[in-house]
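A quick write-up on the structure given underneath.
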2 protein chains.
Amino acid sequence: MAQSKKKAEKKEPKDEILKAALKLFTQKGYFNTSVADIRREADVSTGTIYHYFKNKEAIADALYQDIIASLNDSLKEIKNRTKNSFERLRAIVELFFALTEDASEVMGFIVLAHHQEFLPSEKPLSMSPPFLLLTEIMQEGIRSGELRRMDPVVANACFYGTLSRMIQLRLEDALEKPLDWYLLDTWTAIWKALSP
Amino acid sequence: MAQSKKKAEKKEPKDEILKAALKLFTQKGYFNTSVADIRREADVSTGTIYHYFKNKEAIADALYQDIIASLNDSLKEIKNRTKNSFERLRAIVELFFALTEDASEVMGFIVLAHHQEFLPSEKPLSMSPPFLLLTEIMQEGIRSGELRRMDPVVANACFYGTLSRMIQLRLEDALEKPLDWYLLDTWTAIWKALSP
DNA sequence: GTCTATACGCCGATAGAC
DNA sequence: GTCTATCGGCGTATAGAC
């Protein structure tokens, strides 16, 4: 969409690098991945990597910002599309489960990685825009009475904790079935915890 | 208890090393901690470290095994002391919250770290004895009808996901109050999700 | 058992040709 | 913009005296 140029046929090295890095960071972790690994996986040279990125950390940072921004867009879209907490939270569970199946590397990078260990200047994930938006959604639900009166932090932990734990188990290959097989049970548990 | 010897006055270097490593691993992460850092924090020499441990990974492994074993003992004690799922699960929440406040480094190492990244031969945490015991406790509860009929994996994710998320927020210093301030709300949410 | 000194490989990053 | 060649440094681990 944004690479336009003329014929938009050529693979952008920058994207190849990001794709390779995401795959390796999620599979082996940031510190177990060398720049040489990325170089090999992306099929570019060391020089090309350092032409597009200042250093290894900058690659991880670009990935992180991209994913956070895209997640934020999706949550905003959900918020506009739906009209109450039940629909919103349910749609978020569905989104996260679908992303885990269809873009497991993206979810692994967001849900499993400890960004603060390799992006020291980054705020915790719980302070990022999409997670603040989630908090906002839940607070609205509590105010309107659609959700139980409870501490918003606990509501958040209950929702995102359950959700991310299921995702983690799936990514660790500890589930017998794909995630959508557990969707109903997961949603029921979350909703019983949060509804009045 | 176990160092006896004669007067049990001397600090064991091995314990000092483990203590220092635990602190640093939790604070900065395994990969951001060098053996020189551990050496400095424990106030011993490089030679002493390699006298007691084969390599850096072995230090992390010793910590992991110790903590897993101790956690397993605590869960077994809880299982013996209590007589139903309500009491058991509630006691586990209290245990984890108390440990987070009183031994934050231990909990940080268990809840936050990705052991598979630096202990490649280790099974996932969800396959370790204490977590299998937790699964067993929940399955018993489901069989006896004390917990809702639901997929045990989801029950587990709901319980441990919520719990560990609260702990994570506390360790990230994202909570305004200590954990026991949230105990009632947390437990209520978990129990509503799991009870019939 | 504990220490100091040091070997050495790996990896992030740069230089500079094309 | 992309490449190859290479450097400097850090960090793990060892050697060997005491």
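Letters go in sequence order (proteins before strands), and every chain restarts at 1.
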Residue pairs, two or more places apart or on separate chains, that pass salt bridge (charged side-chain N to carboxylate O under 4.0 Å, His left out) and touch residues 37-46 of chain A: A/K23-A/E41, A/K28-A/D37, A/D37-A/R40

OG-CD1 distance between B/S128 and B/I110, expressed to the nearest 0.5 angstrom: 7.5 Å

Return the value, rounded to whole Å, for the distance between atom [atom1] of [X] and atom [atom2] of [N].
X: A/K56; N: C/dG12; atom1: NZ; atom2: P; value: 5 Å
X: B/I59; N: D/dA13; atom1: CD1; atom2: P; value: 9 Å
X: A/N55; N: C/dC11; atom1: CG; atom2: P; value: 17 Å
X: B/Y52; N: D/dT12; atom1: OH; atom2: C1'; value: 20 Å
X: A/E16; N: D/dT2; atom1: CD; atom2: C1'; value: 15 Å
X: B/Y50; N: D/dA17; atom1: OH; atom2: P; value: 21 Å
X: B/I49; N: C/dG1; atom1: CD1; atom2: P; value: 16 Å
X: B/F53; N: C/dT2; atom1: CZ; atom2: C1'; value: 15 Å

Anything under 30° is parallel, anything over 60° is perpendicular, the rest tilted; go ahead and classify [X] against [Y].
X: A/Y64; Y: A/H115; answer: tilted
X: A/F25; Y: A/F118; answer: tilted
X: B/Y160; Y: B/F131; answer: perpendicular

Residue of the set A/I137, A/L95, A/L133 for which side-chain contact (heavy atoms from CB on, under 4.5 Å) holds with A/I78: A/L95

Ring-ring centroid check A/W187 A/F86, cutoff 6.0 Å: yes

Nearest to side-chain heavy atoms of B/S45, which nucleotide of C/dT2, C/dA5, D/dT2: C/dT2

Phosphate contact (C/dT2 OP1 or OP2) by B/H51 side-chain N/O below 4.0 Å: no

D/dC3 OP1/OP2 closer than 4.0 Å to side-chain N/O of A/T48: yes

Contact residues, residues 26-39 of chain B to DNA chain D [heavy atom, < 4.0 Å]: B/T33, B/S34, B/V35

